[in-house]
Amino acid sequence: MRCSLSAHQFAAGLGAVTRAVSPRATLPILSNVLIEARDGAVHLLATNLDLTIRHHLPAKIDEPGSITLPAKILSEFVAALPDGTMEWELDASSQTVALRSGPYTAHIRGIDAAEFPQLPVLQGGSRVVLDPIAFATATEQTVVAASVDEGRPLYTGVLTEVADSVLTMVATDGHRLAIRQMGVPETEAGTRTSFIVPARALAELGRLLRPQGGDGAGPLSLKLAQNGTHITFELSGYEVSTRLLEGTYPNYSKVVPETAQTTIRTNTKEFLRTARVVALFARDAANVVKIRSEPGMLTLSANTNEVGDNVATLPATIEGEQLAIAFNARYLLDVLQILQTEEVELVCNGSLAPGLIRPVGDDSYRYVIMPVRVAL
Amino acid sequence: MTGSPGGVRAPESRALLHIDLDAFYASCEERRHPELRGRPLVVGGEGGSRPGERGPLGRGVVSAASYAARAHGVHSALPLAEALRRCPALIVLPVDMAHYRQVSERVFAIFHRVTPLVEPRSLDEAFLDVTGSRRRFGAAAAIGHQLQGAIAEECGLDASVGVGTTKTVTKIASALLKPRGFVEVPPGTEAAFLAPLPVEALPGIGPKTALRLRGMRIATLGLLASWPAVSLREALGPGAAGLQERARGVDPTPVEVPGIPKSLSREETYPRDQGDGGVLRERVRALTAEVARRLRERGLSARAVTLKLRYSDFTTLVRRRAVPPGDPGDLRLAGDALRLFEQTWERGRPVRLLGVGVEGLETAAQLGLFDAGDPGRPALDATLDQLRRRFGPAAIHRGPTVAGATLDWNRDDLARLRPAEPGGGAEPGV
């Protein structure tokens, strides 16, 4: 294997791909990145067997070939290089790669590419084309509600449903729930499918989509394997594949409030600031912020026995019954941080029923929080 | 006006309430037996804790007397035999602490509406610090009146209220005009309020100290307040300075909120040992519901459930099971308690005592969206809690526990007691 390519492009691509490398790899070779030179491009691949990220970038190939190199030292080396042409040469007998860029030369010992696990080749099932920026936003707004607790694997995923040109993403950790809908510009006729994507994979995908979208990158497409075990997201130069989570997702539509005993409307940024300040005093396990409606305003308060307490008011329009409710401050802050509309609505049905938060003027997003039971 | 108070007044005085329920145990009985209202009534006599079993009246003493009974010279700690001699028409009911506790919880829930700073002194007495509540609820006296009204209206009980700036003053004030008393001691008038009162009125001055003070011709708190400190210390010892301060109306002791309890439990001993698995399971459910209700009332959640079994030979077993953090819903806790019961109980072996408890208590319970598959369930539990608070634990049961209701002995106390009434003869029929 002998080739040359741009050091900067390689560093950027490697940075994205190595996010799939697990710091505690189950197989030593999974700490390595698979590098293949063929067909006028260098192909990079890293995987933890659940999540796989692929990238290819143009290169001048003098002699095709492949090798796996330790992700950590390779990334650190190329990230430190100035831009310029980087030349690769593999010594097959020692499985060592010589990397040259301007005045720098490094020799990195690798492992034979033949030892890298064979990943299943995705046999295309259905395919959906998505708007990358809209999908990145939808991902951001749902992933926030997913659980990181591996003890409840299903909750670490995002339910993704496609039906009638609408894509719905749902995430919950059992205490709060986010639902986001978006139109799908292009689906194969009659596509109707539903699967649970690990939130981790979507978060990585979101990272790739943001800068790409800014450059007016091509559309994103989502490809579901025929046997339903894997999904692949394709965007220019990159492929993110992940194993899907299996199980029956809880019936989420049942917990979205349909009635509104109290409807509160207020400025999103003000609400966020107030909640942030008050939450400084919510330090017990349940992180409780109490919300009380008063004519024309909300009172937010928090207290911790050894610390003290904190009360703040916030102008708000209140319709319906008086409200006193307590939420985990984290759940409230998480959603207020990612809403983009100027105003936000909080809909409640008493202090023990789920509360609904939605951006005013944007029906595509809903966020449900189960309250904390306290002596109000 | 007597001389100025000795202590330096804090820049902003506190607003405290002392609330004392009038003839509490007796009033609880009048409340559930309205036909007895206004008649001379005492609770007491029962020695054992086994419900439904009555000790001989001759041995018991009066635990609490209604005002009608007090008019006949009957008071607490009086032997029942003597009480019946003084008032032959006296109605004697057994002490039912479980019931009084329940009523008390309702009253304390009313206190907590205006302030979290509630210091319980007993089932029927508490200090409240409402300093910070005034902005929301009005002046301290107004809050006192609100609470007195709410207790009367919602619980059907009379209470006496003392309003003031220190615990000593409010406690004395509430006792001054019982029953249904209301005494406010405005800031700055504490010393003047206390001055004319007899020394015995000051909490902490018992009969012995009072006797010694009277020997020194100190009969009123005013005299005590102005007495030379040195001679007072000679007579009373090191505690003299504190007594004198309090007699001057100075008492900085804060209202102390008790910490989170470590555990809560409910247990019951059966009149006859119980070997029927069906009945025992229903009792596990009912006891759990009661424990879960108390947890919710305090806004607590538990990390473990315990089950206690005592067989007829007094072999006692306690088993524990961890529960995931979160909502202490009836059904979830009952499921865990029942599982413990099945693991512990030797099928068919008669049980003398059964108890259900919770441990590892935490202050707030994050409710789950999908708990028991029904987000409306916490609201259902709350509604059941309200009904039970209002009408007692037997008022409403989840389907499976109805059979257990036959074991509810509170309801028919009176009927059972009637024929057992000893020969006073003067007892008119109801």
Side-chain angles (χ1 to χ4, degrees), chain A residues 145 149 151-152 154-155 172-178 249-259 261 282-290 292 294 299 301-306 309 311 324-331 349-356 368-376, chain B residues 105 108-118 131-133 135-137 256-260 292-303 324-330 332 360-386:
Chain A
D149 177 8
R152 304 171 91 177
L154 217 54
Y155 287 173
T172 183
D173 61 6
H175 303 311
R176 32 88 181 258
L177 175 113
Y249 205 77
N251 182 1
Y252 67 89
S253 54
K254 209 172 62 171
V255 304
V256 180
E258 281 167 2
T259 52
Q261 277 178 24
R283 319 196 84 144
D284 285 333
N287 218 359
V288 177
V289 166
K290 296 176 189 176
R292 189 178 283 279
E294 320 254 358
T299 302
S301 64
N303 69 286
T304 303
N305 275 345
E306 285 74 30
D309 58 67
V311 182
I325 197 164
F327 291 121
N328 182 324
R330 184 76 261 145
Y331 301 162
N349 292 282
S351 60
L352 297 173
L356 171 67
V368 180
I369 318 183
M370 202 62 187
V372 176
R373 185 204 306 279
V374 294
L376 281 163
Chain B
E105 283 175 13
F108 275 77
I110 295 176
F111 296 161
H112 279 281
R113 285 180 206 160
V114 296
T115 175
L117 300 176
V118 177
T131 312
S133 315
R135 235 188 82 201
R136 261 185 81 79
F137 297 102
E256 283 180 81
V257 180
I260 306 170
R293 179 183 69 80
R294 287 164 63 204
L295 263 184
R296 286 192 293 269
E297 239 164 38
R298 290 166 171 76
L300 297 173
S301 67
R303 299 307 294 268
D327 171 31
D330 281 6
R332 201 193 72 188
L361 305 186
E362 295 174 342
T363 42
Q366 169 67 55
L367 306 179
L369 279 167
F370 305 103
D371 286 355
D374 178 8
R377 195 184 41 79
L380 173 61
D381 281 341
T383 306
L384 293 179
D385 286 351
Q386 259 174 20

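Quick caveat: nothing in here was measured; it's all calculated off a predicted structure. Lettering follows sequence order; numbering is per chain, from 1.
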With Glu256(B), which residues qualify under salt bridge (charged side-chain N to carboxylate O under 4.0 Å, His left out), at least two apart?
none

Chain B heavy atoms under 4.5 Å from Asn251(A): which part of the residue, side chain, backbone, both or neither?
backbone

Who pairs with Tyr252(A) by ring pair (Phe, Tyr, Trp, His ring centres under 6.0 Å), at least two apart in sequence or on another chain?
none

Taking every non-hydrogen atom, the tightest pair across Leu367(B) and Leu352(A):
CD1-O, 3.6 Å

Exercise: identify the closest heavy-atom pair between Val255(A) and Leu369(B)
CG1-O, 3.5 Å

Heavy-atom distances under 4.5 Å only: say whether Tyr331(A) touches chain B with side chain, backbone, both or neither.
side chain

In this structure, CD of Gln366(B) is separated from CZ of Arg330(A) (nearest 0.5 Å) by 13.5 Å

